[in-house]
Amino acid sequence: MPELPEVETIAVELRQALIGVVIKDVVIRRTDFIRTKPRNLAARLRGKKIKTIEREGKRLQVKLAGDLECVIHLGMSGRVTLENPGSPLLPHTHVRIRFARFRKELRFRDPRRFGGLWFFDGRNGSARPLSRLGPDALSIRVPVLRAACKRRRQMKALLLDQQVISGLGNIYCDEALFGAKIHPLCLASDLTEPQVRNLACNIRKTLRNAIDSGGSTLRDFVNTDGSEGVFQKIHRVYGREGQPCPRCQTPIERIQCAGRSTHVCPCCQPWG
DNA sequence: AGTAAACTCCGGAAGC
DNA sequence: TGCTTCCGGAGTTTAC
C-alpha cells in the first residue's frame, strides 16, 4: 500500500534516474488505466524530456517539455518500477515507457486498478478530474491544522480527507493519532490547543520516520518478504490488534472509523 | 450546509 | 481444493 512515505521514496529514486531523460515511446497495454489524456498523446510524448518529478500528497507529478504533465496515483496496489526491457512482464502491467539513451524502462503495474495516470496539457489542464489537494501532511503546520480542526468531524475522517490535508492514508493516520494520544473517533472540534500542536508534530514525525527508515529498510527487503519486516519495525499500532501497546502494554484494539479498520490503544488514547 | 454512510471500481488474501 | 467474504483510496451518490 503506497502511502506518502513510499511515494516520497519513489519520487526521489525516479528523480535521480530520469530527470533530463528523453522519452522514446509509450506502450499502453490497458487504455483505461490512462484516466485523462490530450489528443495524440503517444505522438506528443515521443522525444519529450522529463523536466521535474515532484510528490504532492500521495501523487507523483511529472512535468515534461512541451507543457505536458503526468500525474501518477498508485491507489492501493499500484507499483512503478524501472526495469530492464527484456525482463518478464508481470501480470497487470498496464503501461510501459521506454527512453532514448537510458537502458531501463518505466513500468506501471496495478492489479486492482484503483490508481491510474492522468495526462494534461494546456488544453485539458483546467478541467482536471482530480480533486484539489489540501496542504501536504509532511510539512503540516499548526495554524493549518488548527483551522482544519474547527469542523465537527471525527478526527481520523478529517485526516483521511485529502482535500483537508494531503498524504495521510489509513496506516499513518493511526500511527500519528497514537503518537499524539488522540482517539480517532474524537471530534476534531473538541481538540485542545496542546493536542492540535502535538498532533501536527506527530504527523510530521511519523511520516519523516517512515521515509527515513523506509528508504533503507524497503530496499533491504526487496524481493524477500520485505513489507512484513518494515511493518513490524516502524508501525506501533497498525496491524497490531491484540499485541501489547509499546507505551503501556495494554492490548491494541481494532475498531471501525470512517469505514476503515482503525488501531488504537484504549488506554493511551482515551475517548471522551 | 456540513457531515456521514453507502456504493463503485478490482483482485489478492484470508477464512471456511 | 475451491468457494465466499473481506478489504480499501477516493470519487460519487444518498441520507440525515
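Sequence lines set the chain letters: A, B, ... in the order given, protein chains first and strands last, and positions in each chain run from 1.
Between A:D25 and A:R46 there is no salt bridge, since no side-chain N of the basic residue sits under 4.0 Å from a carboxylate O of the acidic one.
If you check every strand for non-hydrogen atoms under 4.0 Å, A:S77 touches nothing. Within the 4.0 angstrom heavy-atom criterion, only backbone atoms of the sugar-phosphate kind lie near A:R152; the bases stay farther away. No engagement by A:D110 is indicated, since no non-hydrogen atom pair under 4.0 Å with the nucleic acid exists.
Protein chain A contacts DNA chain C from C:dC7 to C:dG11, reading 5' to 3' and using non-hydrogen atoms of the protein with a distance under 4.0 Å.
Judged by distance alone, with hydrogens and angles left aside, the side-chain atoms of A:Q269 form a donor-acceptor pair with the main-chain N or O of A:I182 at under 3.5 Å.
Considering only side-chain N and O atoms, A:H92 lies nowhere under 4.0 angstrom from the phosphate OP1 or OP2 of B:dC10. Listed pair A:R153 / B:dA4 meets the phosphate criterion, a side-chain N or O lying under 4.0 Å from OP1 or OP2.
Residues A:T81 and A:E83 have side chains that bring a donor and an acceptor to within less than 3.5 angstrom of each other.
Ring-plane geometry between A:F108 and A:F33 is classed as tilted, the angle between the planes lying from 30 to 60 degrees on a 0 to 90 degree scale.
Between A:K156 atom NZ and B:dA4 atom P there is a gap of 14 Å when expressed in whole angstrom units. Between the CE atom of A:M76 and the C1' atom of B:dG12 there is a distance of 10 Å, rounded to whole Å. Taking atom NZ of residue A:K150 and atom C1' of nucleotide B:dT3, one finds them 18 Å apart after rounding to whole Å. A straight line from CG of A:D161 to P of B:dA5 spans 14 Å, rounded to a whole angstrom. Atom CZ of A:R112 and atom P of B:dG11 are 10 Å apart (whole Å). The nearest whole Å value for the distance from the CG atom in A:L160 to the C1' atom in B:dT3 is 15 Å. Rounded to whole Å, the distance from NE2 on A:H94 to C1' on B:dC9 is 12 Å. Atom CZ in A:R151 sits roughly 13 Å away from atom C1' in B:dA4 (whole-Å rounding).
Residue A:R247 places its CZ atom among more than 12 non-hydrogen atoms of other residues, nucleotides or ligands, all under 6.0 Å distant. Heavy-atom contacts from other residues, nucleotides or ligands closer than 6.0 Å to NZ of A:K181 number 12 or fewer.
The two residues A:R55 and A:A11 make their nearest non-hydrogen contact at CB-CB, 4.3 Å.
Comparing A:H73 and A:R254 by the nucleotide of DNA chain C that holds the closest heavy atom to each, the one mapping nearer the 5' end is A:R254.
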